[in-house]
Amino acid sequence: MHSSVPGVPPIAVVLWVFVKHRDTPIVKANNRALSYVLLLSLLLCFLRSLLFIGHPNTATCILRQITFGWFTVAVSTVLAKTITVILAFKAMKPRRTMRLLLVSGASNSVVPTCSLIQMIICGICLGTSPPFIDIDTHSELRNLITECNKGSDTAFYCVLVYLGSLAGNFSSAYLARNLPDTFNEAKFLTFSMPMSCSVSVTFLPVYHSTKGKAMVTVEIFSILTSSAGLLGCIFAPKCLIILIKPERMF
C-alpha cells in the first residue's frame, strides 16, 4: 500500500543517497539533520493522502485535520534551512551575534516553535468545532455521498493562513540568493516556497468550486503536488550532483 503512494519511492531513493554519502560536504551543508527532518515530514505528507481513500469515518476525519501539521513541519524546516544559510554566510563577517546564533543552533528552534503553534491552532479547532461525518445529497441526484465536514470554516482558514505566512517567508531565501554557490541551497529554497504558495492559492478556488468525490481528488492532488514540489526543488539538484557529477561533491 505504501509503495503505491507516488512520493514514497523517490523519498526512499533520496534518503538512501543521503545516508550513503552522509559524510560528504554536499550532504552536510545547510544542516544535515534538518534535511532528514524534511525528508521524514515529506514522507508523512505523502502517506497522509491515504487517509482520503476509502469510506470516511470519524477517526479518519479527525486524523486528516491533525496530520495537516506534517506539512507545517516541512515548510518550517525549509524556513530553518534558509535561516541556516543566511547565518552561515553572515557569520563570516566580524559580527559576534551572528556567530553565536549559528553555533547555538538557533535555526533548529524554528521547527519545534512553528510546529507547536500549529498544534495549538489545531487543538483549538478540534476543541471548538471538530470535524464530523456528513451526508452530501446534492452532488449526485441518485447517490448519497458520505464525506468529512471540516467543521468551522474560520478554523480551517486560520490553519491555511498560518501555513501561508510560513511559506511567505521565502523572502528570507531571496535575500540569500546571491551568496556563494558552493553547496548553497538558497536558490532552490527560494523557488520551492513560491511553488508551495502557488499550489495553495490555486487550491482554494478549485476546492470551493468542486463537490463530492471531486473535492477529495482536489485535496489529494494538492497534497501530492506540494510535497513533490518541495522534494524536487530541494533534493533533486543535490542527488543529481552526487550520482552524475560526484567530483562536485567536495
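The figures here come from the full heavy-atom set of this structure, side chains too, leaving out hydrogens, waters and symmetry mates.
- Panel note: side chain S227, backbone L224; no donor-acceptor pair is recorded below 3.5 Å.
- Note that the CD1 atom of I62 and the CG atom of N57 stand 9.0 Å from one another [nearest 0.5 Å].
- In terms of heavy-atom proximity, F235 sits nearest to F18 at CD2-CZ, 3.6 Å.
- At distances below 3.5 Å, at least one donor-acceptor pair connects side-chain atoms of R22 with backbone N or O atoms of V19.
- For the pairing with L38, the side-chain contact (heavy atoms from CB on, under 4.5 Å) check across L43, V78, N31 returns one residue only, V78.
- Within a 6.0 Å sphere centred on CZ of F132, heavy atoms belonging to other residues, nucleotides or ligands number more than 12.
- With rounding to the nearest 0.5 angstrom, the CD1 atom of I220 is 11.0 Å from the OG1 atom of T225.
- S226 contributes no side-chain N or O that, together with a main-chain N or O of I223, makes up a donor-acceptor pair within less than 3.5 Å.
- I234 is not connected to L34 by any chain of hydrophobic side-chain contacts under 4.5 Å among Ile, Leu, Val, Met, Phe, Trp and Tyr, and they are in different clusters.
- Across V14 and L39, no two heavy atoms sit closer than the pair CG1-CD2, 3.7 Å.
- In this structure, the separation between CG on L42 and CG on L47 is 11.0 Å, given to the nearest 0.5 Å.
- Shortest non-hydrogen contact noted between C61 and P131 is O-CG, 3.7 Å.
- Atom CZ of F46 sits about 10.5 Å away from atom OG of S41, to the nearest 0.5 Å.
- For the pair R48 and F68, the cation does not sit on the ring face, since its NZ or CZ is not both under 6.0 Å from the ring centre and inside 45° of the axis.
- Residues D23 and R32 are paired through a salt bridge, judged by an N-O separation under 4.0 Å between the basic side chain and the carboxylate.
- Residues K81 and S35 have side chains that bring a donor and an acceptor to within less than 3.5 angstrom of each other.
- No continuous path of hydrophobic side-chain contacts links F52 to I66 [ILVMFWY only; heavy atoms under 4.5 Å].
- Cysteines C125 and C158 have SG atoms no closer than 2.5 angstrom.
- The closest donor-acceptor contact from the side chain of Y162 to the backbone of T72 lies at 3.5 Å or more, if one exists at all.
- The backbone N or O of E219 sits nowhere less than 3.5 Å from a side-chain atom of S222 that would complete a donor-acceptor pair.
- To the nearest 0.5 Å, atoms CD (Q118) and CH2 (W70) are separated by 12.5 Å.
- Between K238 and V27, every side-chain heavy-atom pair lies at or beyond the 4.5 Å cut-off.
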- Carefully, step by step, assess L243 and V17 under the rule side-chain contact (heavy atoms from CB on, under 4.5 Å). CA-CA 8 Å; L243 297 175; V17 171; 4.2 Å; yes
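- Closest approach of T113 and S109 over heavy atoms only: OG1-O, 2.7 Å.
- Here C239 contributes atom SG and I26 contributes atom CD1; the two are 8.5 Å apart, rounded to the nearest 0.5 Å.
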- Item | Residue pair V73, V37: steps toward the side-chain contact (heavy atoms from CB on, under 4.5 Å) verdict | CA-CA 8 Å; V73 175; V37 172; 4.3 Å; yes
